[in-house]
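Take a look at the structure below.
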Amino acid sequence: MPTSSRKKQKQGRDTAVQGTNDSSVVSKVSAAAQGYFHDVFLQHFVCKVARRAPLINRGYYVRWRAVDHCVRRFLQITENCPRRQILSLGAGFDSLYFRLRADEALVRAVVFEVDFPDVARRKTALISSNITLKGMLDSHLPSQTGAVYVSSGQYRLLGVDIREESQVEEALGAAGLDWATPTLILSEVVLTYMETQWSDVVISWVAKLLPQALFVMYEQIHPHDPFGWIMQDHFLKLNSTLHALRQYPDTTAQTHRFLDKGWEQCLCLDMNDFYLGLVPEEERSRVEILEPFDEYEEWHQKCSHYFILTASRGSFTAQALLTRPPVSPVPSVSPSWSLAGLSVKTLPVIVEGLGMASTLVSPGQVLLTGGSSRGVRGAPTRVLLRGEEDWRSVTVEPPVDLGVRLYHTVTPHPGGGFVVYGGRSSPLNPIRGLVRVTLDPCGPDPEDRAAVKLCAEQMVCTGDPPPPRWRHTATIVSHKGKDFLFVFGGKNESEAALGDGSFLCLEQQHWTKIPVEGAAPQALHSHSACSYQGGVVVFGGLDRRGVPLGDTVVLRPTDRGFSWERIEVQPPPVPRYSHSAHVIGEKLVAVGGVWLYSDGVPGVVVINLTTRSSVEFSLDTISVPWPLMLHSFCSELTDSEEPELLLIGGGGNCFSFGTHFNPQPVTVDLRPALG
């Protein structure tokens, strides 16, 4: 490639990277405006304030919280030093200096910021034209000459490419950086945009030039799972490739990277560990009620794909900015993994949706209700039909409007038809009442199942109904010869998780009190519950703290009513939520879901309820041409000679990287798992 072409290509990439600064500061302003953190200065660096989605606000909050935690800790451990410095690499439009100056936290401290000359020039113009920002400087702005754009007593803004070591060293020296002074280096999603050879050089030369230093870095990890694919593709489309992911794909690799480049100690935590382990519970409670929120899967996946790292050298090796949580917020598990992978194949029919509910009408008919799809809230009611050649999708119009309904349940009624219960139209609007639906062929040819009629009617129930909810389970149980709909767990607009269980007598359509003994599962949602020996087996779920569970608990019939019994499974399965499960004989088969760590993305776990043992199986998705995201999906056991699972829908809003929908149903061959 000619030199001029390579230069233009590099300039194009640099411009694209600079564009990520503009998007980032708008998101930070949004989070601050909603009360996630206090920063009155950010708004001066944006032309127009825009409100971001709650998921993005939370994501930028945990980023801000992690970096702020490290900065405050640095200022604390250096408070007796005669001088200290903060060096922010690729600072963009960050307001750190102004915030610390307003808090009077910069005693004997100077903040140095380095970014591309174009970014530094724009930031200088914003500061010089704003009374508030300009008033935070203790000297007049100099003319824009050389690399130093702003030179104030406690703030220096430099425009220089940080890949150019000699230029950066010269510019920082000219700006007054003292190489022997205790220094905090900040890098928030900066180095990963460089080719890895250059970012490694930066890490090395900073360690070489600053012998008394602490380094803080916030970046992405885990490129190889479905969320990681979407994340990489997003930045690739922005012409801002995440280079470091290839060579340093996880926290372990990043830790070794710094130790190999001259740093003496290093600690790296993903953001799930930071948020659940180092953010106090009262602070998490404050944050979690700021906005209506129901994107737990995407929140945990976002946090598993970002990390906060601190490295140190010199006298600060004993002064950690970060520590491992004293008590792990997440249970440690060592599951048994099978060497066999389960084959996954796509079906040639387009059906996408998040938060749908499904039920098997007959061996070749699957009813799908509710959910949301691309650009549509309130997906149409559909029936998947299996013909002689393959499956097809048929839309049906119910006489009773089921409305916009996500995370609800559809349960087979022993007397015929199905019971639709719960769900929500938004995180502030749970849906009340029950609907009974029946599905009948209505074509001129009884064998033509493509013509389908859906009949639906509201169920008028007596008794004391449970509070409305979504992300619950509704399962058929038996008591004294009668069938009951057992509703358990879930959440609603006022409760983070519900721990109650309620019984609806289907014959009398009456909410009934039935004695239940034993220790009930803790309050949870997004779990699974399957009918089992007249009762129910409950597995997994998300508790009130936002931690996935791996518990297996059985509700067994007794002479008086029911009794809860906890099953101690060994080895313990990977905790998960937003999964799907089925009982096959004495085996509970759970598929998909979300776990907090990317290297443990759930496939299929088989729990033997008799031997109380478990085996985990990975999914062989090599034949699936797109990322298969198995949360907010449906699954059904198809009645065929070869046991297989039919997985329908699923996907999620991948933070700010776009929304992914699994476009086609897939089947999972269970033969290796069932023996």
Side-chain angles (χ1 to χ4, degrees), residues 23 50-56 59 225-238 292-302 305 344-358 366-385 390-398 401-408 410 423-429 431 470-471 526 578 580 592-594 621 624-636 646-667:
S23 174
R51 181 169 180 172
R52 301 297 203 202
L55 175 63
I56 295 177
D225 66 359
F227 188 98
W229 294 1
I230 300 294
M231 178 175 70
Q232 285 193 96
D233 186 59
H234 168 78
F235 285 100
L236 191 61
K237 290 176 180 176
L238 294 178
F293 188 81
D294 196 32
E295 295 176 286
Y296 302 95
E297 296 88 352
E298 294 84 356
W299 162 243
H300 285 132
Q301 290 191 43
K302 184 270 175 191
H305 285 79
V344 178
K345 296 182 179 179
T346 57
L347 297 181
V349 57
I350 302 298
V351 178
E352 62 179 34
L354 309 179
M356 297 186 295
S358 70
V366 177
L367 175 66
L368 298 169
T369 61
S372 64
S373 58
R374 201 177 307 272
V376 179
R377 294 179 68 248
T381 302
R382 287 163 286 183
V383 176
L384 280 181
L385 301 169
D390 227 314
W391 291 84
R392 52 187 169 172
S393 175
V394 177
T395 300
V396 293
E397 294 293 336
D401 183 13
L402 296 178
V404 177
R405 189 185 298 250
L406 290 82
Y407 300 110
H408 55 296
V410 177
R424 55 105 173 151
S425 58
S426 79
L428 288 175
N429 294 299
I431 296 173
W470 64 88
R471 292 180 177 267
S526 306
S578 196
S580 183
V594 172
T621 59
V624 179
W626 26 266
L628 181 63
M629 286 190 171
L630 290 183
H631 54 81
S632 303
F633 72 108
C634 307
S635 78
E636 295 297 332
L646 177 64
L647 313 183
I648 312 158
N653 176 13
C654 304
F655 188 47
S656 58
F657 312 137
T659 301
H660 171 73
F661 292 91
N662 297 331
Q664 298 167 252
V666 301
T667 57

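- Taken to the nearest 0.5 Å, the OG1 atom of Thr381 stands 9.0 Å off from the CG atom of Leu368.
- A donor-acceptor contact shorter than 3.5 Å is absent between the side chain of Glu298 and the backbone of Phe655.
- In this structure the side chain of Phe657 reaches within 4.5 angstrom of the side chain of Phe235, judged on heavy atoms.
- Closest heavy-atom contact between His660 and Leu354: O-CD2, 4.4 Å.
- The structure places CG of Leu406 at 8.5 Å from CG of Asp294, a figure rounded to the nearest 0.5 Å.
- For the atom pair CG (Asn653) and NZ (Lys302), the distance works out to 13.0 Å, reported to the nearest 0.5 Å.
- For Trp299, there are no side chain to side chain donor-acceptor pair (under 3.5 Å) partners, not counting sequence neighbours.
- Considering only heavy atoms from C-beta on, Asp390 stays 4.5 Å or farther from Val349 through its side chain.
- When the salt bridge (charged side-chain N to carboxylate O under 4.0 Å, His left out) test is applied to Lys345, no partner is found at least two apart in sequence or on another chain.
- By the salt bridge (charged side-chain N to carboxylate O under 4.0 Å, His left out) test, Glu297 is found to be paired with Arg471, residues two or more places apart in sequence or in another chain being considered.
- Counting only heavy atoms from C-beta outward, the side chains of Gln664 and Leu347 never approach each other to under 4.5 Å.
- Taking the side chain to side chain contact (heavy atoms under 4.5 Å, CB included) definition, one finds that Pro226 meets it with Pro627, Met629, sequence neighbours left out.
- Between the CD1 atom in Ile648 and the CH2 atom in Trp391 there is a gap of 7.5 Å [rounded to 0.5 Å].
- Residues forming a side chain to side chain donor-acceptor pair (under 3.5 Å) with Arg382 (at least two apart in sequence, or on another chain): none.
- To the nearest 0.5 Å, atom CE of residue Met231 and atom SG of residue Cys654 are 10.0 Å apart.
- The side chain to side chain contact (heavy atoms under 4.5 Å, CB included) test applied to Leu428 returns Pro292, Ser426, not counting sequence neighbours.
- Between the side chain of His408 and the main chain of Thr369, a donor-acceptor pair closer than 3.5 Å is present.
- Using a distance-only test at 3.5 Å, with no hydrogens or angles considered, a donor-acceptor pair links the side chain of Ser578 to the main chain of Ser632.
- Residues Tyr407 and Ser526 bring no donor and acceptor atom of their side chains to less than 3.5 Å of each other.
- Checked against salt bridge (charged side-chain N to carboxylate O under 4.0 Å, His left out), Glu295 has no partners two or more places apart in sequence or in another chain.
- For the pair Ile431/Val404, no side-chain contact is recorded, criterion being any heavy-atom separation below 4.5 Å from C-beta on.
- Of all non-hydrogen atoms in Gly651 and Asn662, the two that sit nearest each other are N-ND2, 4.1 Å.
- When the side chain to side chain donor-acceptor pair (under 3.5 Å) test is applied to Glu352, the partners found at least two apart in sequence or on another chain are Arg374.
- For His300, the ring-ring contact (aromatic ring centres under 6.0 Å, His included) partners are Tyr577, not counting sequence neighbours.
- The OG atom of Ser358 lies 9.5 Å from the CZ atom of Phe633; values are rounded to the nearest 0.5 Å.
- By the side chain to side chain donor-acceptor pair (under 3.5 Å) test, Ser580 is found to be paired with Ser635, residues two or more places apart in sequence or in another chain being considered.
- Residues passing the ring-ring contact (aromatic ring centres under 6.0 Å, His included) test with Tyr296, sequence neighbours excluded: Phe293, His525.
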